[in-house]
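Below is one structure, written out as structure tokens; comments come after it.
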Amino acid sequence: MDSAKGSQAQCESLHTDIESFFQTAPPLKDHFDTSRKLREFIQQNSPTTGNGIGRRIVCVTSGGTTVPLEQRCVRYIDNFSSGHRGAASTEYFLKAGYAVIFLHRRGTCQPYCRSLPEDSLLECLELKEGESSIQVRESYSEDVKGAIRHNHEAIKEGILLKLPFTSIFEYLQILRMVATSMNSLGPYGMFYLAAAVSDFYVPWETMAEHKIQSASGPLDMRLAQVPKMLIMMRKEWAPVAFCISFKLETDTNILLEKADMALKKYKMNMVVANELSTRKEEVIVVANSGRITVRRDKTNSDVENPLIKLIVDRHSTYIEESAKN
Ligand code: PMT
């Protein structure tokens with residue numbers, strides 16, 4: 001088979017895998033509600049609808065997807081991600097004037113809550129004398145006020161839309177919905193794909209319905225490969241959007257090689273390469289113009305601060321160049 005025929009065959013097989021993934025996935029429970037919220041959010045913020053507000057819109061994905069092992073799920077495989085990167089990046093995008101669709105794993109880190117303790121309800125609140133009311137502990141007062149103020153303002157202004165997911169099925173169905181809705185934004189739309197997405201899954205129709213029994217002996221299970229949705233993003237869902245994917249590795253020797261490969265293969269505008277243990281200190285941004293190492297500048301600062309500045313800058317150039325073509 002010549003190489004053109006080979007790549008066409010590969011493309012067709014990917015399409016079949018993707019079709020089959022979506023056709024067999026359990027339907028989203030709140031499909032209509034999510035779709036309505038998305039439509040309204042994009043309509044309200046879109047710079048292309050001429051309602052005078054006009055913001056760029058970014059979809060930030062955050063947290064890890066799960067792979068259920070049973071339809072009535074008791075056990076699942078998880079992908080590591082605290083959601084810190086996505087939450088911090090959302091704050092900096094909002095600060096830069098973007099409207100943000102925060103597609104996040106339920107229960108992971110939320111924007112403006114990064115400085116609050118894990119068990120914040122019990123840690124931050126205390127009973128007042130006589131137990132007649134509740135107050136915020138003095139030591140957390142500024143952090144709690146800041147979190148409430150920023151979060152409520154962003155929601156009230158209609159510039160932050162939070163969409164939760166848990167499983168790989170939910171994540172990819174919502175991502176597709178967001179991407180096809182944002183297609184109308186052309187180059188003003190951005191995808192910042194920081195979620196840790198499962199590479200393997202159990203197709204719904206082959207999955208056990210009930211809890212797998214341990215009495216049956218060792219578990220032998222074949223996982224199918226999750227089709228790479230970055231290809232669909234580029235080819236069909238939102239081809240003109242500014243698209244940033246992430247590359248996470250634990251072995252630094254292969255990190256940049258893999259990031260370069262992702263940039264070319266999936267035609268990303270940028271790939272953010274990070275190593276697990278140093279991900280909060282530095283990342284390397286790989287683009288066609290070269291590589292840039294981004295480090296957090298001082299203690300107490302976030303690497304996402306200079307990272308989002310760089311991305312916003314490149315996005316502006318991309319919009320200008322798209323207008324010329
Ligand atoms: O949340 P934190 O604790 O702060 O950590 C942040 C992070 C390390 C999770 C984040 O910075 C990060 O690197 N996220 C991407 C992790 C990941 O899934 O990498 P990957 O090499 O498996 O995938 C690379 C890209 O392909 C990702 O952008 C993913 O969205 C995409 N992908 C993956 C699988 C798949 N089937 N389809 C995809 O499109």
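In this text, all values refer to a predicted model and were calculated from it rather than measured experimentally.
Side-chain contact between L163 and Y171 is absent, with no heavy atoms from C-beta onward closer than 4.5 Å. Looking only at side-chain heavy atoms (C-beta outward), R296 and N305 stay at 4.5 Å or farther from each other. At a threshold of 4.5 Å between non-hydrogen side-chain atoms, the residues R234 and Y266 do not count as touching. M177 has its side chain within reach of H31: a pair of non-hydrogen atoms, C-beta onward, lies under 4.5 Å apart. C113 places none of its side-chain heavy atoms less than 4.5 Å from the side chain of S120. For the pair V226 and L172, the minimum side-chain heavy-atom distance is below 4.5 Å. The side-chain heavy atoms of T24 and M207, taken from C-beta on, include no pair separated by under 4.5 Å. Under the 4.5 Å side-chain criterion, counting only non-hydrogen atoms from C-beta, K247 is not in contact with N274.
Remark: aromatic rings of Y188 and F242 are distant, center separation not under 6.0 Å.
Within 6.0 Å of CD in E205 there are more than 12 heavy atoms belonging to other residues, nucleotides or ligands. Annotation: H15, atom NE2; neighbour count of heavy atoms from other residues, nucleotides and ligands within 6.0 Å does not exceed 12. More than 12 heavy atoms of other residues, nucleotides or ligands lie within 6.0 Å of CD in E126, so this atom counts as buried by the packing criterion. Heavy-atom neighbours of I134 CD1 from other residues, nucleotides or ligands within 6.0 Å: at or below the threshold of 12. Other residues, nucleotides and ligands place no more than 12 heavy atoms under 6.0 Å from the OH atom of Y76. Environment of CD in E118: sparse, with no more than 12 heavy atoms of neighbouring residues, nucleotides or ligands closer than 6.0 Å. Sparse packing is recorded around NZ of K267, with 12 or fewer heavy atoms of other residues, nucleotides or ligands lying under 6.0 Å away. More than 12 heavy atoms of other residues, nucleotides or ligands sit less than 6.0 Å from atom CZ of F80.
Salt-bridge check for K264 with D260: failed, with every basic side-chain N at 4.0 Å or more from each acidic carboxylate O. Taking the charged nitrogens against the carboxylate oxygens, E157 and R55 do have a contact shorter than 4.0 Å, which makes a salt bridge. Taking a cutoff of 4.0 Å between a charged side-chain nitrogen and a carboxylate oxygen, E40 and R36 qualify as a salt bridge. A salt bridge between K324 and E321 is absent, with no side-chain N of the basic residue lying under 4.0 Å from a carboxylate O of the acidic one.
Linking ILVMFWY side-chain heavy atoms closer than 4.5 Å, directly or via other members, places L255 and M261 in two distinct hydrophobic clusters. Both V303 and M270 belong to a single network of hydrophobic side chains, linked directly or stepwise wherever heavy atoms of I, L, V, M, F, W or Y lie under 4.5 Å apart. L248 and M229 fall into different hydrophobic clusters, defined by Ile, Leu, Val, Met, Phe, Trp and Tyr side-chain heavy atoms under 4.5 Å apart, directly or through other members. Residues F165 and I18 fall within the same hydrophobic cluster, defined by Ile, Leu, Val, Met, Phe, Trp and Tyr side chains chained together at heavy-atom separations under 4.5 Å. Two different hydrophobic clusters hold F102 and V197 under the rule that ILVMFWY side chains link at heavy-atom gaps under 4.5 Å.
Distance alone, capped at 3.5 Å, places no donor-acceptor pair between the S46 side chain and the Q43 backbone. A donor-acceptor pair is defined here as one N or O able to donate and one able to accept, closer than 3.5 Å; such a pair exists between the side chain of T34 and the backbone of D30. A donor-acceptor pair under 3.5 Å is formed between the side chain of R279 and the backbone N or O of L276. A donor-acceptor pair under 3.5 Å links the side-chain atoms of S82 to the main chain of H84, judged by distance alone. Under a 3.5 Å cut-off, the side chain of T206 and the backbone N or O of V202 do not form any donor-acceptor pair. Side chain of T61 to main chain of A194: a donor-acceptor pair is present (N/O by atom type, distance under 3.5 Å, no hydrogens or angles). E70 places a side-chain N or O within donor-acceptor distance of the main-chain N or O of I212, the cut-off being under 3.5 Å. Proximity of a side-chain donor or acceptor of Q213 to a complementary backbone N or O of K211 within less than 3.5 Å is detected. For T108 (side chain) and H104 (main-chain N/O), no donor-acceptor pair under 3.5 Å exists by modelled atom type. With hydrogens and angles ignored, the 3.5 Å screen pairs a side-chain donor or acceptor of N45 with a backbone N or O of F41.
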Stepwise side chain to side chain donor-acceptor pair (under 3.5 Å) test for S198 and T65: CA-CA 6 Å; S198 323; T65 58; 2.5 Å; yes
Intermediate values then yes/no, side chain to side chain donor-acceptor pair (under 3.5 Å), S133 and Q135: CA-CA 7 Å; S133 58; Q135 67 185 12; over 6 Å; no
Residue pair I244, M268: steps toward the side chain to side chain contact (heavy atoms under 4.5 Å, CB included) verdict: CA-CA 6 Å; I244 302 160; M268 293 289 108; over 6 Å; no
Worked check of side chain to side chain contact (heavy atoms under 4.5 Å, CB included) between V60 and M190: CA-CA 8 Å; V60 173; M190 188 200 293; over 6 Å; no
Audit row: E153, K156, salt bridge (Lys or Arg N to Asp or Glu O under 4.0 Å) steps and yes/no: CA-CA 5 Å; E153 270 172 18; K156 199 169 142 209; over 6 Å; no
Residues R314, V285; criterion side chain to side chain contact (heavy atoms under 4.5 Å, CB included); working and verdict: CA-CA 11 Å; R314 295 294 172 92; V285 177; 5.9 Å; no
I319 vs H315, side chain to side chain contact (heavy atoms under 4.5 Å, CB included): CA-CA, chis, key distance, verdict: CA-CA 6 Å; I319 293 171; H315 189 202; 3.7 Å; yes
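Distance check, rounded to the nearest 0.5 Å: CG of N269 to OG of S289 gives 10.5 Å. Atom NE2 of H150 is separated from atom CD1 of I155 by 13.5 Å, given to the nearest 0.5 angstrom. Of the inter-residue distances, the one linking M233 atom CE with F191 atom CZ reads 4.5 Å to the nearest 0.5 angstrom. Within the model, atoms CG of L230 and OG of S245 stand 5.5 Å from one another, a figure rounded to the nearest 0.5 Å. For the atom pair C124 SG and D119 CG, the distance stands at 9.0 Å (nearest 0.5 Å).
Each of K95, R295, R85 was checked for a salt bridge (Lys or Arg N to Asp or Glu O under 4.0 Å) with E304, and the lone residue meeting it is R85.
Nearest approach of I174 to L103, heavy atoms of both residues: CG2-CD1, 3.7 Å. When all heavy atoms of G189 and L185 are compared, the pair lying nearest together is N-CB, 3.8 Å. Across all their heavy atoms, N183 and A238 have their closest contact at OD1-CA, 3.6 Å. Annotation for S141 and V136: closest pair CA-CG1, 3.8 Å, computed over non-hydrogen atoms. Taking all atoms of both residues into account, the shortest heavy-atom contact from S89 to I308 is CB-CD1, 3.9 Å. Heavy atoms only, all atoms of each residue included: E91 and Y112 are closest at OE2-N, 2.5 Å.
Residue pairs meeting the salt bridge (charged side-chain N to carboxylate O under 4.0 Å, His left out) criterion with at least one partner in residues 98-107, sequence neighbours excluded, are D78-R105, R106-E170.
The aromatic rings of W204 and F169 stand perpendicular to each other, their planes meeting at an angle above 60°, with 30° marking the opposite boundary.
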